[in-house]
Number of protein chains: 2
Amino acid sequence: MTTPEENKLIYYVKKWVNITKDDESAILSAFEQASIRKKKDLLVPGEICKYNYFIIKGCIRTYYIDDKGVEHIYHIRFDNNWVGDLESFFSQKPSKYYIEALEDTQYIRISKDRLDQLYDEVPAFDRYFRILFQKAYVNTLKRLNANMWEPAIDRYKDMLKEHPDMFQRVPLTYIASYLGITPESLSRIRKKNNQ
Amino acid sequence: MTTPEENKLIYYVKKWVNITKDDESAILSAFEQASIRKKKDLLVPGEICKYNYFIIKGCIRTYYIDDKGVEHIYHIRFDNNWVGDLESFFSQKPSKYYIEALEDTQYIRISKDRLDQLYDEVPAFDRYFRILFQKAYVNTLKRLNANMWEPAIDRYKDMLKEHPDMFQRVPLTYIASYLGITPESLSRIRKKNNQ
DNA sequence: AACTTCACTTGACATAGGTCAATTTTATTT
DNA sequence: AAATAAAATTGACCTATGTCAAGTGAAGTT
């Protein structure tokens, strides 16, 4: 009944909260499984973000395009991570973002209504997301701090250390945007770092 | 039994989740009320952040001091907001931050153990914090975006618009740090903005 | 009221990183 | 394999913001 794909979510939920067998099946039945091909969009600006996505395997980026036509990347996420435009998802108002697959990607997804239902059915799931958001918030504060007060080369070295896989799987242009610099600057930083 | 101070918290909790009268008293009994004078610290680096604080009235900043001795301000918060070093609070490991009163401040506080208890007693409180962290996360992403991709003058104008009170209550030096610039730059930006 | 400290402003100069344009390298498509 | 497109590099130059130092003003303290 439960595929290995879905069980990956259960595995990660159990890392943080206790759930019963009943909870497990309630959770699993709330998700749909799907996949998307490289370069295709899960969401484009103007659309409402109807789902919250959990990546089983693959790579997803979220970004927006500013007035001058420049892309700015918020997130690049791999296996076993959540993605979505939370703001649009929770308000059910149109999004400003693109959510795009950078690799062929398998995911599971849950709609807002279904998630709200699930929160009522399985209070532990409320707690799971409380913990998840808490961690996401702390991490984003750290990223903010690094972007405000650390030079780009330190942010680059940090990423090399924390996410070496990123450089295998994602073009440098995207990594540059995620780090808050231009591709040219990243190129120069890498050159300096290799000498 | 319940003072007006404590009821402010209940008022804000009720904005987001439904709670019973029993829940209300469970919540209220979990908090202690206290106050702190201007320029005094709720937390200094090396200490564990034992409490999460809800400001009833006053102003609190959180900041750290870098290797070069420069202060960097994360948050400046007024009445009806939460403050604390979440990372230290949840891990119960030593903090890197100062949490300091910028005005004489009344607050209520809750310890980690008591909060964990409360989450079990009142599942709605879990949900309340889920929603709170979710919002904090989205807001921090916006702040990150602004700091990465918008010029300082836009961030300044934004603050003028969204938090005009800030300029009444907080020295410009602190506002500059919060905006991610030096006091000198803020001074020049303000000059330019007035002409 | 005088003293001291802190907050703010201004100027001269420095620098990290951005911009634009050309070139090379790598990947994708036919 | 050739053709095309996309990604990455490099150089010359620019700009926003930082740094350091001096000066003025405002606020808190004795």
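On a predicted model such as this, the values are computed, not experimentally measured, just so you know. Naming convention: chains lettered A, B, ... in sequence-line order (proteins, then strands); numbering from 1 in each chain.
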Checking only heavy atoms, does the side chain of [X] share a donor-acceptor pair with the base of [N] at less than 3.5 Å?
X      : N      : result
B/E184 : C/dC8  : no
A/R188 : C/dT19 : yes
B/R190 : C/dT10 : no

Which of these nucleotides, [options], is closest to any side-chain atom of [X]?
X      : options                : answer
B/L172 : C/dT9, C/dA7, D/dA8    : C/dT9
A/I181 : C/dG18, C/dT28, D/dT17 : C/dG18
B/P171 : C/dC8, D/dA7, D/dG18   : C/dC8

Distance below 4.0 Å between [X] side-chain N/O and [N] OP1 or OP2:
X      : N      : value
A/T182 : C/dT19 : no
B/S185 : D/dT17 : no
A/K191 : D/dT9  : no

Integer-rounded Å distance: [N] [atom2] and [X] [atom1]:
X      : N      : atom1 : atom2 : answer
A/N194 : D/dT10 : CG    : C1'   : 15 Å
B/I189 : C/dC8  : CD1   : C1'   : 15 Å
B/E103 : D/dA27 : CD    : P     : 15 Å
B/L186 : C/dT10 : CG    : C1'   : 14 Å
B/M148 : D/dA16 : CE    : C1'   : 17 Å
A/N147 : C/dG18 : CG    : P     : 11 Å
A/N193 : C/dA16 : CG    : C1'   : 16 Å
B/K192 : C/dC8  : NZ    : C1'   : 19 Å

Report task. Walk me through it: do B/Y178 and B/H163 pass the test side-chain contact (heavy atoms from CB on, under 4.5 Å)? Result -> CA-CA 13 Å; B/Y178 179 85; B/H163 300 284; over 6 Å; no
Query raised in the report: Counting only N and O atoms by type, is there a donor-acceptor contact under 3.5 Å from the side chain of B/N147 to the main-chain atoms of B/R143?
Result: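 Confirmed, B/N147 side chain pairs with B/R143 backbone.
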Query raised in the report: Is the shortest side-chain N to carboxylate O distance from B/R127 to A/D120 below 4.0 Å?
Result: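 Here B/R127 pairs with A/D120 in a salt bridge, since their nearest N and O are under 4.0 Å apart.
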Report task. May I ask you to check whether B/Y51 and B/F31 place their ring centres under 6.0 Å from each other? Result ->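 Aromatic pair excluded; centres sit 6.0 Å or further apart.
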Query raised in the report: When the aromatic ring centroids of B/Y137 and B/F133 are compared, is their separation below 6.0 Å?
Result: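 Here the rings of B/F133 and B/Y137 have centres that are no less than 6.0 Å from each other.
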**Report entry** Comparing B/R155 and B/K39 on DNA chain D - which has the more 5′ nearest nucleotide
**Finding:**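 Taking each residue's closest nucleotide, the earlier one in sequence belongs to B/R155.
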